[in-house]
Structure formats: structure tokens, C-alpha cells
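A quick write-up on the structure given underneath.
Lettering of chains follows the sequences in order, A, B, ..., and the numbering in each one begins at 1.
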Number of protein chains: 2
Amino acid sequence: MLKYQEIAHELEKYIEDHKLQQGDKLPVLESLMAQFNVSKSTITKALDLLERKGVVFQVRGSGIFVRRHKRKGYISLLSNQGFQKEIEGFNLTSKVIELDVRKPTQEVAENLNIGPDADIYYVKRVRYIHGQALAFEESFYNKSIVTYLNKEIVSESIFNYISEGLGLKVGFSDMYLHVDKLNEEEAEYLGLKKGDPKLYLESVYHLTNGQPFDFSKLTYNYEQSQFFFQSNSHFF
Amino acid sequence: MLKYQEIAHELEKYIEDHKLQQGDKLPVLESLMAQFNVSKSTITKALDLLERKGVVFQVRGSGIFVRRHKRKGYISLLSNQGFQKEIEGFNLTSKVIELDVRKPTQEVAENLNIGPDADIYYVKRVRYIHGQALAFEESFYNKSIVTYLNKEIVSESIFNYISEGLGLKVGFSDMYLHVDKLNEEEAEYLGLKKGDPKLYLESVYHLTNGQPFDFSKLTYNYEQSQFFFQSNSHFF
DNA sequence: TATTATAATTGTACCGGTCTAATTTATCAA
DNA sequence: TTGATAAATTAGACCGGTACAATTATAATA
């Protein structure tokens with residue numbers, strides 16, 4: 001692992017272990033430099049990483065402070081790896097409904113940037129949290145990239161398999177979010193009524209080289225799903 | 001404006017003007033260094049900014065490429081400034097329903113990190129896009145920070161007033177997203193039926209020094225609202 | 001032609017430095 | 001005590017460099 005990532009992890013761990021609260025100050029740059037025995041730019045990179053993750057915020061002339069939101073139990077958008085409950089002690093499981101190789105619809109072909117004759121893996125799953133239906137998911141994988149899938153892989157973390165097993169490097173993703181009413185099929189899978197609200201999320205995942213490999217449609221149970229995300233204004 | 005921000009803007013404009021498509025390659029670092037006559041680290045910072053904005057992605061050993069999602073008409077989450085339609089040619093208006101100074105509820109006090117006796121500005125608005133009700137909004141401003149508001153200010157962009165008029169520097173924000181059913185009042189403001197889906201977003205905006213100054217609750221019309229956001233996996 | 005080894009290209013990590021701008025603390029004056 | 005002023009602190013901008021890793025292009029080999 002790289003130095004700045006290492007340092008970021010250690011700092012995050014430090015904050016966790018010492019139960020630092022929002023607004024608590026971290027050591028100043030110079031002492032961090034001394035402590036980790038690296039140059040300023042390396043510390044800066046580590047802190048930038050943590051800032052983007054929403055762990056700290058930096059104030060010029062003042063210091064580095066802990067940023068921490070109060071509410072627990074929210075799913076973090078932006079943590080890219082499909083699913084990951086913010087809270088600890090969660091219990092996520094999956095049931096695979098369908099898994100096969102097929103040809104893409106036009107919609108899928110467009111999102112995966114492939115031709116109509118290319119093969120794709122189709123995966124249909126229901127996701128559970130603490131045994132309750134959280135989401136209904138349909139995923140489409142470009143088979144020329146994700147060359148092999150089976151039921152075991154698909155009921156675990158596919159992303160882990162993709163990076164560890166296949167040696168692919170996941171890059172960025174585009175996500176589209178809607179709210180709508182549940183149709184009959186979705187309502188059944190989620191144990192709700194037709195017409196009830198749903199949160200609908202479409203994601204296109206890309207490798208680091210920009211190739212899209214996964215197009216996924218997620219329909220969330222509105223009763224179970226609360227999301228959290230952070231924004232930093234210095235985008236502009 | 002800082003050099004790296006300037007460069008980021010120019011590059012973004014360049015991509016726009018030349019209608020570069022997804023995957024198109026930008027000049028290599030060295031030629032950008034020469035073109036803008038700055039050091040490598042400055043170019044790198046500019047590109048990192050653009051990468052975080054989702055404008056480009058960089059591939060080591062290969063080059064810098066345009067990243068561009070296809071769908072138009074989505075509201076970008078993460079662009080912090082309350083509202084801002086992704087698409088151009090939008091037409092956003094507001095109607096102010098209420099505006100007064102009052103004491104905070106416990107919920108508001110907690111989110112703004114103030115005592116129960118502090119004063120807050122309360123603003124209740126309906127937001128329209130192309131004349132159609134897009135969202136119903138309640139905002140709570142810490143009056144000791146946002147010292148003055150009136151109907152004119154509140155019907156325009158408050159964020160603009162806060163930064164330009166009051167000279168405050170907006171930093172980061174925490175956002176909490178839910179889906180639920182509309183209650184009677186919300187349904188009326190949005191021209192929908194009670195029980196229809198709603199997208200509910202709570203935001204806490206902070207100054208660069210970490211002070212929360214704005215707690216806002218937004219109820220979106222599910223028919224009008226589609227959101228877009230991007231994620232970069234190298235958070236980890 | 002296809003495959004493999006080699007070299008060139010290109011972005012990233014990291015160093016160590018100077019200067020600047022925002023903030024905080026200390027100092028002085030009213 | 002208050003308020004203005006100066007000094008010290010601290011993060012950020014920017015430079016120019018070396019070394020490295022991933023990718024791509026080229027050459028060598030079968």
C-alpha cells in the first residue's frame with residue numbers, strides 16, 4: 001500500500017480509537033510530518049483523501065479537524081462498492097433469483113457500450129438486511145470483461161471477486177436516482193404493495209481505463225433505505 | 001482565482017467548446033505544462049479537481065480522457081449550492097410561503113449545533129421548474145451567522161447572498177436522503193395526492209470552519225426529480 | 001502471422017523547498 | 001476592559017526535481 005493511503009488509514013484509526021468528536025483538532029502538519037517521517041506533500045495527500053471521504057476538514061491558518069456526522073444507520077452513497085451499510089453490526093445477505101448469459105437490450109447495450117450481439121451476464125437478486133428485503137436488483141455484466149460468474153460468486157460480493165479474482169481494477173461510476181411507484185413484481189419481492197414508493201437507482205460501473213462493465217438497476221424498499229452522502233464545496 | 005482552478009476551468013471549457021466525447025484524449029501532462037506554463041503539480045491539481053467533478057479520468061501510462069455521462073436533465077447531487085439543474089435552459093423559480101425569526105425545535109438546534117434560546121430564520125418555500133412544482137422546502141438558518149434575510153433575498157439564491165453579500169465561505173455539507181409517502185400539506189404544495197411517493201432530503205450546510213449555518217428539509221416531487229451523481233473508487 | 005520480449009510513453013508517488021493567505025495569539029493603546 | 005494592531009501559527013499554492021508503475025508501441029523471435 002502507498003504511503004499516503006497508509007497514513008490516511010492510520011489517522012482514521014487514530015480518530016476512531018481515541019473517539020475524537022466533531023471539531024476536535026488533529027496534530028498540525030509539521031508534527032504529522034515528523035511522526036510519519038514523510039514530506040509535507042505526502043501528509044497533504046493523505047489528508048485530502050480523508051477530506052474527500054468526509055473524515056476531516058482543514059482550515060487554513062487554524063488546523064485539521066474531525067468531521068463526523070451524527071446519524072447512524074444510513075447507507076453511504078459514493079462508497080462505490082455496490083453495498084456497504086454505514087453502520088456496523090449489519091447483516092447483509094442475497095438471494096439469487098436468476099443467473100444466465102444472454103444478449104443485451106438496447107438500453108443495456110448503450111449503458112455498457114457494447115453491440116447488440118455481445119454476451120452479457122444477467123443477474124437478478126433480492127438483497128436482505130437483517131433478514132428483511134432491502135432491495136431488488138438486476139445487474140448486467142459485460143461478459144468479455146467479467147468472463148465468468150456462478151451462483152456462489154453472485155451470492156457473495158461480486159465486486160470483491162472482480163478485483164481479487166479477476167484482477168480487474170474498478171474505477172468510477174455514474175449513478176442515476178429516481179423515485180417512483182412500485183410495480184407488481186417489485187412489490188412482491190420487497191413485501192410491499194403495488195403503488196408504494198420506491199427508490200430506484202441505476203448505476204454504471206467502469207474500470208479504471210474507462211470501460212463500463214456493470215450496469216445495475218436497484219429498487220429499494222423505501223421503509224428500509226436511508227442514504228447518506230457528503231459534499232465538499234471546493235469543487236468550484 | 002488560483003492557477004489550478006483557472007486551468008481547470010479552461011480545460012473544461014476546452015472540452016465543451018470542442019465537443020469532446022467520452023473517451024477522447026486530452027493533451028499529455030507535459031504539453032499542458034508547456035501550454036499553461038506552470039509546473040507539473042499545478043496541472044495535476046487542476047486535473048484532480050476535474051476528476052473529482054467527473055469531467056475527466058486519468059489512466060497511468062495511457063493518458064487523460066474525457067468522462068461524460070450521457071443522460072441529460074438530471075439534477076446533480078453534490079453540487080452543494082442547494083439547487084442547480086445539470087441541464088441548461090432550465091427555469092427555476094421560488095415562491096416564499098413564510099419567513100420569520102423564531103426559536104429552534106430540538107431537532108433544528110441539534111443540527112445547527114445551537115442552544116434552544118438562539119434565534120433562527122425560518123424560511124418556507126416552494127420551488128418550481130418550468131413553472132411546475134419541483135420541491136417543497138423548509139430551511140433553518142443560524143441567525144448569529146446569517147444575520148439578515150428578507151423576502152427578496154430569499155426568493156433568489158440564498159447561497160449567493162451568503163457568500164457574496166455576507167462574505168461567508170461555504171464549506172461542506174451532510175445530506176440525508178429518504179423516500180416516503182407525501183402527507184396532506186406536502187401533497188397540496190406539490191400538486192400531488194397524499195400517499196404518493198416523495199423524495200425527502202435533509203441537508204446540513206457548514207462554513208469552511210465547520211460551523212453549521214443552514215439546516216434544510218426538502219420534499220421533492222417524485223415526477224419531476226431525477227438525480228445524478230458520480231463516484232470515484234479511489235476513496236479506498 | 002502470432003507471440004514474446006524490449007523500449008518508449010505517460011501519469012503517479014514522493015521529496016524538499018519558498019512564498020502566501022487565513023486564522024489565532026500576543027501586544028499595545030484607549 | 002475593550003478594541004485595534006502586530007506577530008506567530010498553520011494550511012495551501014506552487015515550483016522543480018527523481019524515481020516508479022502502468023500502459024502502449026516497437027522490435028525480436030518463433
Round to the nearest Å and state the distance from [X] atom [atom1] to [N] atom [atom2].
X        : N      : atom1 : atom2 : value
B:Met1   : C:dA21 : CE    : P     : 16 Å
B:Met33  : D:dG16 : CE    : C1'   : 8 Å
B:Gln211 : C:dT23 : CD    : P     : 11 Å
B:Glu6   : D:dC14 : CD    : C1'   : 15 Å
B:Leu49  : D:dG12 : CG    : P     : 14 Å
A:Leu50  : D:dG12 : CG    : P     : 12 Å
A:Lys169 : D:dA21 : NZ    : P     : 12 Å
A:Gln5   : D:dA21 : CD    : C1'   : 14 Å

- Query: Which residue pairs satisfy the ring pair (Phe, Tyr, Trp, His ring centres under 6.0 Å) criterion with at least one member in residues 24-64 of chain A, sequence neighbours excluded?
  - Reply: A:Phe57-A:Phe65, A:Phe57-B:Phe172
- Message: Going by salt bridge (charged side-chain N to carboxylate O under 4.0 Å, His left out), name the residues that satisfy it together with B:Glu107, two or more places apart in sequence or in a different chain.
- Response: B:Lys217
Using atom types as modelled, flag every donor-acceptor pair under 3.5 Å from a side chain in residues 143-155 of chain A to any protein atom, sequence neighbours excluded.
unit_1   : atom_1 : unit_2   : atom_2 : d
A:Ser144 : OG     : A:Asn142 : OD1    : 2.8
A:Tyr148 : OH     : A:Asn150 : ND2    : 3.3
A:Asn150 : OD1    : A:Glu152 : N      : 3.0
A:Asn150 : OD1    : A:Ile153 : N      : 2.9
A:Ser155 : OG     : A:Lys151 : O      : 3.0
A:Ser155 : OG     : A:Glu152 : O      : 3.0

Distances for protein N or O near nucleotides 25-27 of chain D N or O, under 3.5 Å:
none

- Note on the structure: Of A:Val38 and B:Asn209, the one whose closest nucleotide on DNA chain C sits nearer the 5' end is A:Val38
- Message: The criterion is side-chain contact (heavy atoms from CB on, under 4.5 Å); which residues satisfy it with B:Lys40, sequence neighbours excluded?
- Response: B:Leu29, B:Met33, B:Thr44
- Item | Non-neighbouring partners of A:Asp100 that pass side-chain contact (heavy atoms from CB on, under 4.5 Å), sequence neighbours left out | A:Glu98, A:Arg102, A:Tyr122
Would you mind checking if [Y] and [X] are paired as a salt bridge, meaning a charged N to carboxylate O distance below 4.0 Å?
X        : Y        : value
A:Asp174 : B:Lys70  : no
A:Glu137 : A:Lys124 : no
B:Lys103 : B:Asp119 : yes

- Message: Does a side-chain N or O of B:Lys3 approach OP1 or OP2 of C:dC19 to a distance below 4.0 Å, or not?
- Response: no
- Is B:Thr42 near enough to D:dC15 that one of its side-chain N or O atoms lies under 4.0 angstrom from OP1 or OP2? yes
- Not counting sequence neighbours, which residues clear side-chain hydrogen bond (donor to acceptor under 3.5 Å, both in side chains) with A:Glu110? List them please. A:Gln106
- Applying the Watson-Crick and G-U criteria (both distances under 3.5 angstrom) with [ ] for crossing and | for other-strand pairs, one obtains for DNA chain D ||||||||||||||||||||||||||||||
- Item | Intermediate values then yes/no, ring pair (Phe, Tyr, Trp, His ring centres under 6.0 Å), A:Tyr176 and A:Tyr200 | CA-CA 8 Å; A:Tyr176 305 89; A:Tyr200 178 69; over 10 Å; no
- What do the steps show when you test B:Glu12 against B:Tyr14 for side-chain hydrogen bond (donor to acceptor under 3.5 Å, both in side chains), and what is the final call? CA-CA 5 Å; B:Glu12 205 170 356; B:Tyr14 176 87; over 6 Å; no
With 3.5 Å as the limit, what N/O pairs link the protein to nucleotides 9-12 of chain C?
unit_1 : atom_1 : unit_2  : atom_2 : d
C:dT10 : O2     : B:Gly61 : N      : 3.3
C:dG11 : OP2    : B:Leu29 : N      : 2.9
C:dG11 : N2     : B:Arg60 : NH1    : 2.9
C:dT12 : OP2    : B:Gln58 : OE1    : 2.6
C:dT12 : O4     : B:Lys40 : NZ     : 3.3

Report each atom pair, protein N/O against N/O of nucleotides 4-8 of chain D, whose distance is under 3.5 angstrom.
none

- Note on the structure: 5'-most contact on DNA chain D (nearest-nucleotide basis), A:Thr208 vs B:Ser39, goes to B:Ser39
- Message: Here's one to test your reading of the geometry: is the NZ or CZ of A:Arg71 within 45 degrees of the ring axis of A:Phe228 and under 6.0 Å from its centre?
- Response: no
Indicate every side-chain donor-acceptor pair of residues 208-216 of chain B with a distance under 3.5 Å to a residue at least two apart or in another chain.
unit_1   : atom_1 : unit_2   : atom_2 : d
B:Asn209 : OD1    : B:Gln211 : N      : 3.0
B:Asp214 : OD1    : B:Ser216 : OG     : 2.8
B:Ser216 : OG     : B:Ser139 : OG     : 2.8

- Query: How would you list all residue pairs meeting side-chain hydrogen bond (donor to acceptor under 3.5 Å, both in side chains) that involve residues 21-35 of chain A, not counting sequence neighbours?
  - Reply: none
